[in-house]
Visitor: 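This structure is in structure tokens; I'll ask about it shortly.
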Number of protein chains: 4
Amino acid sequence: MAFTSSNAEGPVDFFNTFDLEKMAQDVVPKGAFGYIASGAGDTFTMHENIRSFNHKLIVPHTLMDVEDPDTSTVFAGESLPAPMIMAPVAAHKLANNQGEVASAKGVADYGSLYTISSYSSVDLPEVTKALHGAPEWFQFYYSKDDGINRHIMDRVKEQGIKAIVLTADAMVGGNRETDARNGFTFPIPLPIVQEYLPDSVGKSMDYVYKSAKQKLSPKDVEYIAQYSGLPVYVKGPQSKEDVERALSAGAAGIWVTNHGGRQLDGGPASFDSLQEVAKAVDHRVPVIFDSGIRRGQHVFKAIASGADVVALGRPAIYGLALGGSVGVKQVFEKLQAELKLVMQLAGTQTVEDIKHFELRDNPYDPSFDTSNDLKLV
Amino acid sequence: MAFTSSNAEGPVDFFNTFDLEKMAQDVVPKGAFGYIASGAGDTFTMHENIRSFNHKLIVPHTLMDVEDPDTSTVFAGESLPAPMIMAPVAAHKLANNQGEVASAKGVADYGSLYTISSYSSVDLPEVTKALHGAPEWFQFYYSKDDGINRHIMDRVKEQGIKAIVLTADAMVGGNRETDARNGFTFPIPLPIVQEYLPDSVGKSMDYVYKSAKQKLSPKDVEYIAQYSGLPVYVKGPQSKEDVERALSAGAAGIWVTNHGGRQLDGGPASFDSLQEVAKAVDHRVPVIFDSGIRRGQHVFKAIASGADVVALGRPAIYGLALGGSVGVKQVFEKLQAELKLVMQLAGTQTVEDIKHFELRDNPYDPSFDTSNDLKLV
Amino acid sequence: MAFTSSNAEGPVDFFNTFDLEKMAQDVVPKGAFGYIASGAGDTFTMHENIRSFNHKLIVPHTLMDVEDPDTSTVFAGESLPAPMIMAPVAAHKLANNQGEVASAKGVADYGSLYTISSYSSVDLPEVTKALHGAPEWFQFYYSKDDGINRHIMDRVKEQGIKAIVLTADAMVGGNRETDARNGFTFPIPLPIVQEYLPDSVGKSMDYVYKSAKQKLSPKDVEYIAQYSGLPVYVKGPQSKEDVERALSAGAAGIWVTNHGGRQLDGGPASFDSLQEVAKAVDHRVPVIFDSGIRRGQHVFKAIASGADVVALGRPAIYGLALGGSVGVKQVFEKLQAELKLVMQLAGTQTVEDIKHFELRDNPYDPSFDTSNDLKLV
Amino acid sequence: MAFTSSNAEGPVDFFNTFDLEKMAQDVVPKGAFGYIASGAGDTFTMHENIRSFNHKLIVPHTLMDVEDPDTSTVFAGESLPAPMIMAPVAAHKLANNQGEVASAKGVADYGSLYTISSYSSVDLPEVTKALHGAPEWFQFYYSKDDGINRHIMDRVKEQGIKAIVLTADAMVGGNRETDARNGFTFPIPLPIVQEYLPDSVGKSMDYVYKSAKQKLSPKDVEYIAQYSGLPVYVKGPQSKEDVERALSAGAAGIWVTNHGGRQLDGGPASFDSLQEVAKAVDHRVPVIFDSGIRRGQHVFKAIASGADVVALGRPAIYGLALGGSVGVKQVFEKLQAELKLVMQLAGTQTVEDIKHFELRDNPYDPSFDTSNDLKLV
């Protein structure tokens, strides 16, 4: 029997993005939900991604004009309503039968930039069409076959896609035991890479990864840039050394991520790495950040730590599961609203103000216990 | 149907202020209780407010006279039984149908100073009357309309109010999801600000905040001081920079607060900010502290960290809910008794001694687990 | 109806001192057990007393002779089987109807030194008799009346008591809410102090404390030493300053304690203060340590941190409740056996070796979670 | 009735080594399982062994060739499929009636090195035979009788055993309360040491240890090396001083361990000691590490911290309980697979690469709470 997921399309009632995760579990089939929500190994790094935002604290500025802060920003030449874009996430049909058509429409309706994954469950032209003119980037899992790579790049250029994001760190699937325990295999085709991966249905994520090129080098960055004529953003560097490697190869920007804790368990929180990467980049190129954004205060702290924009993964996918394109748009709107409120409370008027805002280090335990709390709702 | 809350008036049986919170939940309507007890966002900052007192430790002085310590202090020209005053809290009728009339009477009976909120649910003259001569301060949410502001200040002066507290940081409501989940809207009028906010009933806190002026600057401090002829305490600074801004504008004192964790989640504990603010102020003006006081040891630690007095919010409101004016008085008395005991155990005789008492830094985890404890009561 | 507690006398089955606490709860009346087991305020300091031993780690020495370590020591001229003595604890009849007669016999049978509290529930001569020649010290809660003090000291000398321990920090009862919640009042007379406190039965601990002198100074240390001709150990200093005050007044030794977390909540763990006190004392006089000893490794760590002996309070009292004199002896034997094992595993042969053993600082979280552990017993 | 344990032989279904512990509990008799799984005292050190791996973080290298990393290594002249060998563990018949015959076969089938314990429940020749040529080391609990020691060494040499591991720190059993509570005594003979311990059946571990020599010195290392002509690895040093003692005595290598937290509670995590030992050794001799390895990332972090190989204890024994020789092999294979994946994700191609990989210090709380997690499986 063919795999089907949620058919939702329309407004979702929720109070924060944590709600969405719980609600999405009810509408997405178990194996697919486990694939989306779980992390690698002991999930230490996945949990750190969120807790780490408490490593830095926002000390408000007072006696400020906070009437109507402007969350908008210009990033990579695009005007965005807030410093938030769509992260590349594989196979949106796992969450909603409309797949990338709905998520693209949601991001476009919101007014932001969409990054399509190589492992999209909808082919490039349909996604581009759904974006109705909104800016599109392409995340590239490189094939072992250069002819196929060139063909994919040709198609990418045909769509008017504006940049390529090269995943530089995770050319192999993480140790996702939830998928193993659920016996999860890929239930749907991945049309963009079907030339080098014609038979993804029924295969493990491991198999999917192994079909891609697992030997990368700075030369690949150079080649992609040269062949495509597009800016190449390198996704993965978490250290000074890796920033230099990527920039020497001509990277147009650095994308800090640990794949939402789905790849290497036992590594640092993405937010903790952001501090080091931003210092190393030192404004030479833009910095994009993902992994752990669940709150407006997280967006604020990431921007104040050197990111130019953040990218949303799981929260947007939960919105997609629960409300289709409208749900995706609502997630961006919700986080924008939260960000705006944080800006007001912190005494900042513009994204530029956030970039110059100095966070205070928190030397204390970043976790907290709510087990004795009263039930208030 | 009109909103009604507790009608309590009379002595309350309790052993500490944590008890009061649990007991108050039984007598205050759910939405109102949620409004009072809840915090912003993930409530990290709200929890830190209390836990942070464990960041500093009291090492007792021994071989001391501890027979009968004197908790009294003179603050801003007022003789107080202990370094504790009433914090401005909105709409006391949410907790007790007597509203600010009872809390004012309680504070006056105890012998301390009362700060009335702009969002009082009882008008100025009645509150002043209930204070029967006790010192009164006015917390000002500024209107967008200067004529209204002048009118309010005229009324404030008419009552013989001695100082104005200008809220400088929170000119917008925090992200209080408990209120959203409960569908809580303001069920009662706010008479002091009715000129610029005539229709608060049925409105969200958000709406209430938006009616006030959200563009503040040091010039406003100067103007209020000049027009009113009253000392202006600036409430909100948590950093050296903000202390200087406020003092340059002529602030008569600095009030350290994070609104009980109700406004910006992801910011520091108020007690942690106190250390920095007190160092920056360096005794040039008085320092008032709120957010997190639940114990006599908290009062001791705040004074030893540079506060001249602390202000009570939630605990007093819970006392109000449970015992009206008597309950409020009991809360002050309880904390004074606890403070006196801590003074004895620490080997200090006067509030001045506390101010010169050096706390020890605690480099270890400030939380602790009681889940394996025996049940002793 | 007169108060009665356990009548136990004989061997107890237990595996560690934590077991004893749980078992004692079944044989001691609720109010009395609460008085013994509970701590002050939020019990943060009480919990820190035990957790703080994880702040220092024992790195074993290898390739050592560990065959038969010698736990014995000479302390204050007394040969002890291990560096452990009996701490002064009020009113042993709360735990066992035999009271101090049984605990004294147990300590004497074990071969150690007994400190009798001013608030003993058995009078001096009977306790001395029960000690059948074992060394005895007297913990002094000073009366406001110097005549009474002299009379008590006369009686103390008459018994051949060898030293006086002056409690210098806790001349007032802590905020023990368990007692308040249980409505606990003292159910038995306190014969040693009956001259200045004739009517303790039915009174709160607070009342008991208030009957003692609450104005102490270094001059009192001098006077007691001069009048009694006995060495005076000052119990309470936790800082360099207080060590100097006590030593200048002629203290024969320093006793580090925070009364098992029963007095001042919000202060440091006794073990953490030991480090500072031992450094300040610098071997000029002996150092005694209590508050938190539950394990042989705790004894080892306290000795390695500068204590000459440790004193046992609650664990001995639980042994008393469960096994009378035999139970008390078993507690000392159990901790001696654990200590000997730690000495073997650490590669130390004598108490002197422990004194020169360097512990490693633990910069990490000293607590740990066992909630996911398998059930092995 | 004679003791019997699991008879399992064949493949085991599991997703990680934590699963194995839970599953093994069902097939191993309670007392024996408690002996295997439990730790000393409060089990603080046992828990730290695993949590401490979070003190160091793996920051991936990007744009690397990760296609097919080589986990193999040459250690002590032996080619191993991965830097993992079998740790000496007493009495495998407690876990599987086949005992060391099956574990030896499993390790040999996997292709690694086997360390047989003095307290093996199968005699030397049978174990050597089961190894069918795979390299074998002998862990030596020294007898008090030198004649017996020489006889044991003669037998060891007869088997072609390649090295002796001298346990230098734990010549006495730890305080394993689980065993005491379960009334666990040794149910099986220990043939290798039967000359000095003829009657182990029905005896406590304590008795077993006491039969061995408990006075060790560097001279013993020298003597064993000289008499046997074999390299002697000293097992136990956790500090710079002890490393020097062992190396001065001619140790062929240092084995860092705390016996899985079964001996001294209150000591450091083995992984934390590894950092100090490796620095002290400074590549003069090989370093072996055990205590806490449960994941491929743990192997990676240990190697990156200075270990040449890690040794597996409990996980292999659980594999033995559940699948006999096949289960043991599967455990090594599973951890090798995890290690390979970590190498890919970290951007390392060889074990030599791992040795030069710099881990990032984690200054934050290494534990994390999963109590609010969704149930995904």
Side-chain angles (χ1 to χ4, degrees), chain A residues 21-22 25 30 33-34 37-38 40-45 47-48 51-52 55 166 168-175 177-178 180-182 213-218 220-221 234-239 241-242 245-246 249 258 263-269 272-273 276 363 365-367 369-371, chain D residues 13-19 50-51 53-69 294-301 304 334-335 337-347 349 357-377:
Chain A
E21 183 165 69
K22 282 173 228 139
Q25 190 166 22
K30 186 179 180 180
F33 185 78
S38 71
D42 298 320
T43 70
F44 171 77
T45 296
H47 284 85
E48 283 298 281
R51 184 170 68 159
S52 59
H55 298 161
L166 181 69
D169 62 331
M171 291 152 300
V172 61
N175 176 31
E177 293 175 2
T178 298
R181 290 182 200 275
N182 283 336
K213 180 172 181 181
Q214 295 184 308
K215 276 188 202 183
L216 280 190
S217 83
D220 294 302
V221 179
V234 176
K235 185 159 173 278
Q238 293 191 57
S239 65
E241 293 70 22
D242 277 26
R245 272 169 72 83
N258 63 19
Q263 295 291 94
L264 177 64
D265 193 40
D272 289 340
S273 290
E276 181 162 338
D365 179 9
S367 55
D369 173 32
T370 59
S371 60
Chain D
D13 272 341
F14 67 104
F15 296 101
N16 61 43
T17 69
F18 297 107
D19 291 351
I50 295 179
R51 183 170 68 160
F53 288 105
N54 290 340
H55 297 162
K56 300 279 174 181
L57 302 170
I58 304 169
V59 183
H61 293 170
T62 54
L63 293 176
M64 305 294 282
D65 172 2
V66 303
E67 192 159 75
D68 193 18
R294 296 295 181 274
R295 284 283 190 193
Q297 59 139 308
H298 299 166
V299 182
F300 187 99
K301 287 177 177 176
K334 180 69 178 175
L335 287 173
E338 283 191 14
L339 172 63
K340 183 173 173 180
L341 186 50
V342 172
M343 290 174 73
Q344 289 180 288
L345 291 166
Q349 273 290 347
F357 195 97
E358 207 174 329
L359 301 172
R360 190 186 287 175
D361 283 340
N362 179 13
Y364 301 108
D365 180 9
S367 53
F368 65 109
D369 174 30
T370 59
S371 60
N372 290 318
D373 285 10
L374 300 176
K375 194 168 153 25
L376 300 179
V377 177

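In what follows, every chain begins at residue 1, and chains take the letters A, B, ... in the order their sequences are listed.
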Visitor: For A:Asn258, which atoms come within 4.5 Å of any heavy atom of chain D: side chain, backbone, both, or neither?
Guide: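 Answer is neither: A:Asn258 stays 4.5 Å or more from chain D.
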Visitor: Please rank A:Lys22, A:His55, A:Lys213 by heavy-atom pairs under 4.5 Å with chain D and give me the top one.
Guide: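 So the answer, after comparing A:Lys22, A:His55, A:Lys213, is A:His55.
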Visitor: By a 4.5 Å heavy-atom criterion (distance strictly below it), what part of D:Lys301 contacts chain A: side chain, backbone, both, or neither?
Guide: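 D:Lys301 touches chain A through side-chain heavy atoms alone.
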Visitor: Any chance the side chains of D:Arg360 and A:Ser273 put a donor and an acceptor closer than 3.5 Å?
Guide: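 Yes - a donor-acceptor pair under 3.5 Å links their side chains.
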Visitor: Check whether any side-chain heavy atom of D:Val59 lies under 4.5 Å from a side-chain heavy atom of A:Pro268, and answer yes or no.
Guide: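 Contact flag for D:Val59/A:Pro268 side chains = yes.
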Visitor: Which one of A:Pro218, A:Ser38, A:Gly267, A:Gly266 has the most heavy-atom pairs closer than 4.5 Å to chain D?
Guide: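 If we count pairs closer than 4.5 Å to chain D, A:Gly266 comes out on top.
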Visitor: CG/A:Asp272 to CG/D:Leu57 distance, rounded to the nearest 0.5 angstrom?
Guide: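 Reported value, rounded in 0.5 Å steps: 8.0 Å.
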Visitor: As an exercise: rank A:Arg245, A:Glu276, A:Gln263 by heavy-atom pairs under 4.5 Å with chain D and give me the winner.
Guide: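 Result: the option with the highest number of such pairs is A:Arg245.
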Visitor: Salt-bridged, A:Arg51 to D:Asp365, with N to O below 4.0 Å?
Guide: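 Salt bridge: yes.
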Visitor: Under a 4.5 Å cutoff for heavy-atom pairs, which residue among D:Val66, D:Asn54, D:Asp369 has the most contacts with chain A?
Guide: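 When all of D:Val66, D:Asn54, D:Asp369 are compared, D:Asn54 has the most.
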Visitor: Report which part of A:Ser52 has an atom under 4.5 Å of a heavy atom belonging to chain D: side chain, backbone, both, or neither.
Guide: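 Neither part, no heavy atoms under 4.5 Å.
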Visitor: So for D:Lys340, is it side chain, backbone, both, or neither that comes closer than 4.5 Å to the heavy atoms of chain A?
Guide: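 No part of D:Lys340 comes within 4.5 Å of chain A.
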Visitor: Is D:Phe300 close to A:Leu264 at the side-chain level, that is, under 4.5 Å between some pair of heavy atoms?
Guide: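 In short, these two side chains do not touch, never coming nearer than 4.5 Å.
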Visitor: So which atom in D:Phe368 and which in A:Asp42 form the shortest heavy-atom distance, rounded to 0.1 Å?
Guide: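 It is CZ-O, 3.1 Å.
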Visitor: Who among A:Leu166, A:Thr43, A:Val234 has the most heavy-atom pairs with chain D under 4.5 Å?
Guide: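 If we count pairs closer than 4.5 Å to chain D, A:Thr43 comes out on top.
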Visitor: Pick one of side chain, backbone, both or neither for A:Gln238, based on which atoms fall under 4.5 Å of a heavy atom in chain D.
Guide: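 When you check distances to chain D, atoms from both the backbone and side chain of A:Gln238 fall under 4.5 Å.
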Visitor: For D:Asn16 versus A:Arg181, what's the shortest heavy-atom pair and its separation?
Guide: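 Minimum heavy-atom contact is ND2-NH2, 3.4 Å.
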Visitor: If I measure from the heavy atoms of chain D, does A:Ser367 come under 4.5 Å with its side chain, its backbone, both, or neither?
Guide: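 The side chain, not the backbone.
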Visitor: Is it the side chain or the backbone of D:Asp361 that comes within 4.5 Å of chain A heavy atoms, both, or neither?
Guide: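 Looking at D:Asp361, nothing touches chain A.
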Visitor: Where do D:Leu376 and A:Lys30 come nearest, in terms of heavy atoms and distance?
Guide: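 Taking D:Leu376 first and A:Lys30 second, the nearest heavy atoms are O-CE, 4.1 Å.
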Visitor: What residue, out of D:Gln297, D:His298, D:Glu338, has the most heavy-atom pairs lying under 4.5 Å from chain A?
Guide: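 Highest number of heavy-atom pairs under 4.5 Å: D:Gln297.
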Visitor: Do D:Arg295 and A:Asn175 touch side chain to side chain, with heavy atoms closer than 4.5 Å?
Guide: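 Contact flag for D:Arg295/A:Asn175 side chains = yes.
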Visitor: With a 4.5 angstrom heavy-atom cut-off, which part of D:Asp13 approaches chain A: side chain, backbone, both or neither?
Guide: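 Contact with chain A is absent: no heavy atom of D:Asp13 under 4.5 Å.
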Visitor: Answer with side chain, backbone, both or neither: which region of A:Asp265 has an atom nearer than 4.5 Å to a non-hydrogen atom of chain D?
Guide: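 It is both, since atoms from each part get that close.
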Visitor: For D:Phe15, which atoms come within 4.5 Å of any heavy atom of chain A: side chain, backbone, both, or neither?
Guide: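 D:Phe15 touches chain A through backbone and side-chain heavy atoms alike.
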Visitor: Just so I know, are the side chains of D:Leu63 and A:Asp220 near enough to count as touching, which here means a heavy-atom distance under 4.5 Å?
Guide: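 SC-SC contact between D:Leu63 and A:Asp220 ruled out.
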Visitor: Where do D:Val377 and A:Glu177 land on the side-chain contact (heavy atoms from CB on, under 4.5 Å) test, with the steps shown first?
Guide: CA-CA 9 Å; D:Val377 177; A:Glu177 293 175 2; over 6 Å; no
Visitor: If you count heavy-atom pairs under 4.5 Å with chain D, which of A:Gly41, A:Ala40, A:Gly34, A:Pro366 comes out on top?
Guide: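 Going by pairs under 4.5 Å, I would pick A:Gly41.
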